[in-house]
**Q** 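I'd like to ask some things about the structure below.
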Number of protein chains: 2
Amino acid sequence: MITFDDMLNEQLQDPEFRKEYEAIQPEMDVIRAIVDARISQNLTQKELSERSGINQADISKIENGTRNPSLNLLKRLADGMGMTLKIEFVPKQQA
Amino acid sequence: MITFDDMLNEQLQDPEFRKEYEAIQPEMDVIRAIVDARISQNLTQKELSERSGINQADISKIENGTRNPSLNLLKRLADGMGMTLKIEFVPKQQA
DNA sequence: CTATTATATGGCATATATGCCATATTACAA
DNA sequence: TTGTAATATGGCATATATGCCATATAATAG
């Protein structure tokens with residue numbers, strides 16, 4: 001059966017779609033950002049593990065929110081995905 | 001004497017300017033993002049310390065790159081500034 | 001100059017992230 | 001079903017982030 005998430009993940013591999021998807025999600029959770037990035041690169045946790053040097057088990061935990069990664073860890077993850085990490089502080093609400 | 005940084009910091013308090021400044025800085029360092037956000041809110045480290053519950057000394061260390069903060073810490077900082085934390089993974093280079 | 005505010009630095013105890021292993025669970029294909 | 005890949009979970013040692021204090025240095029104002 002094809003789930004909503006399946007479709008979403010597939011679509012996320014399209015850079016255009018991904019960009020727009022994230023644009024309308026300013027509060028999108030960090031976790032989702034990580035998963036999205038990995039999926040968009042068509043990587044499994046194991047593959048990302050090999051490329052980043054971070055254990056698959058730990059990637060899983062991060063993606064499930066059971067870990068609280070440091071900036072360095074996130075950068076290493078980004079690196080493993082051929083990406084760079086960007087963080088922003090966005091004002092909470094428009095006046 | 002008025003330095004470049006003085007001017008930059010002053011200008012960063014203008015939301016419009018800040019937005020554009022950051023737009024042309026996709027690789028802008030996390031550290032700079034934190035400082036910019038604080039300055040844009042016209043806060044001192046001490047004030048941010050009071051609002052976020054994070055020690056001024058530690059804010060200084062973070063802003064100087066001598067600490068490697070976790071996601072939670074960054075979120076608490078964002079909160080103290082009335083902002084939300086947003087992270088992105090951006091592809092390293094265009095093909 | 002002196003005072004005051006802002007930021008930086010060092011140290012240290014304790015909480016927690018990290019890294020790694022084994023294994024369980026889930027998803028998927030033959 | 002059975003096999004295989006993908007992801008999740010639990011545990012544990014060790015490295016490191018966090019929190020806090022005191023104080024140093026830098027910047028600013030009077």
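This one's a predicted model, so the numbers in the text were calculated from it and none came from an experiment. Quick note on labels: first sequence line is chain A, next is B, and so on, each numbered from 1.
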**Q** Does A/Ser52 have any side-chain hydrogen bond (donor to acceptor under 3.5 Å, both in side chains) partners at least two apart in sequence or in another chain, and if so, which?
**A**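 A/Ser52: no side-chain hydrogen bond (donor to acceptor under 3.5 Å, both in side chains) contacts found.
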
**Q** Report the distance from atom CD of A/Gln45 to atom C1' of D/dA8, rounded to the nearest whole Å.
**A**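 Distance check: A/Gln45 CD to D/dA8 C1' gives 8 Å.
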
**Q** For the pair made of CG in A/Leu43 and P in D/dA5, what is the distance, rounded to whole Å?
**A**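 From A/Leu43 CG to D/dA5 P: 17 Å.
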
**Q** Can a side chain N or O of B/Ser60 be found less than 4.0 Å away from OP1 or OP2 on C/dT7?
**A** no

**Q** Roughly how far, to the nearest 0.5 Å, is CD1 of B/Ile87 from CD1 of A/Ile87?
**A**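 Taking CD1 in A/Ile87 and CD1 in B/Ile87, the distance rounds to 8.5 Å.
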
**Q** If I take atom CZ from residue A/Phe89 and atom CD1 from residue B/Ile34, how far apart are they, to the nearest 0.5 angstrom?
**A** 4.5 Å

**Q** Whole Å only: how far is the CG atom of B/Leu48 from the C1' atom of C/dT7?
**A** 13 Å

**Q** Quick one: on DNA chain C, does B/Ile59 or A/Asn55 contact a more 5' nucleotide (nearest heavy atom)?
**A** B/Ile59

**Q** In whole Å, what is the span from the CD1 atom of A/Ile39 to the C1' atom of D/dT7?
**A**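 Checked: the CD1 to C1' distance equals 11 Å.
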
**Q** Using five pairs at each end of the helix from C/dC1-D/dG30 to C/dA30-D/dT1 to define an axis, what is the angle between those two axes, to 10°?
**A**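 One end's axis against the other's: 60°.
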
**Q** Taking protein heavy atoms under 4.0 Å as touching, what does nucleotides 11-17 of chain C look like 5' to 3' if B marks base contact, S marks sugar-phosphate-only contact and - marks none?
**A** B-----S

**Q** Mapping B/Gln56 and B/Ile62 onto DNA chain D by nearest heavy atom, which one lands closer to the 5' end?
**A**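 It is B/Ile62 whose nearest nucleotide is closer to the 5' end.
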
**Q** Quick one: side-chain hydrogen bond (donor to acceptor under 3.5 Å, both in side chains) partners of B/Gln45, sequence neighbours excluded?
**A** B/Gln56, B/Glu63

**Q** Test side chain to side chain donor-acceptor pair (under 3.5 Å) on B/Ser49 and B/Asn55 and set out the steps.
**A** CA-CA 5 Å; B/Ser49 169; B/Asn55 203 287; 5.5 Å; no

**Q** Could you check A/Leu73, A/Ile31, A/Val35 and say which one makes a side-chain contact (heavy atoms from CB on, under 4.5 Å) with A/Ile62?
**A** A/Leu73

**Q** Find the distance between CD1 (B/Ile59) and CZ (B/Arg38) and round it off to the nearest 0.5 Å.
**A**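 The CZ atom of B/Arg38 is 7.5 Å from CD1 of B/Ile59, to the nearest 0.5 Å.
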
**Q** With 3.5 Å as the limit, what N/O pairs link the protein to nucleotides 25-27 of chain C?
**A**
none

**Q** Just how far is it from atom CD1 of B/Ile54 to atom NZ of B/Lys61, taken to the nearest 0.5 Å?
**A** 13.0 Å

**Q** Taking only residues two or more places apart in sequence or in another chain, which ones pass salt bridge (charged side-chain N to carboxylate O under 4.0 Å, His left out) with B/Arg76?
**A**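 Expected list: none.
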
**Q** Round to the nearest Å and state the distance from A/Glu50 atom CD to D/dA5 atom P.
**A** 12 Å

**Q** Taking the basic N atoms (NZ, or NE/NH1/NH2) and the acidic carboxylate oxygens, is any pair closer than 4.0 Å for A/Arg51 and A/Asp79?
**A**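 Looking at A/Arg51 and A/Asp79, the cut-off is not met.
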
**Q** Among D/dG19, C/dT9, C/dT7, which nucleotide sits nearest the side chain of B/Ala57?
**A**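 Ranking D/dG19, C/dT9, C/dT7 by closest atom to the B/Ala57 side chain puts C/dT9 first.
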
**Q** Of the options C/dA8, D/dA8, D/dC21, whose atoms approach the side-chain atoms of A/Asn64 most closely?
**A**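 Between C/dA8, D/dA8, D/dC21, the one nearest the side chain of A/Asn64 would be D/dA8.
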
**Q** Mark yes or no for whether B/Glu47, through its side chain, and B/Thr44, through its backbone, hold a donor-acceptor pair below 3.5 Å.
**A**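 Checked: pair present.
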
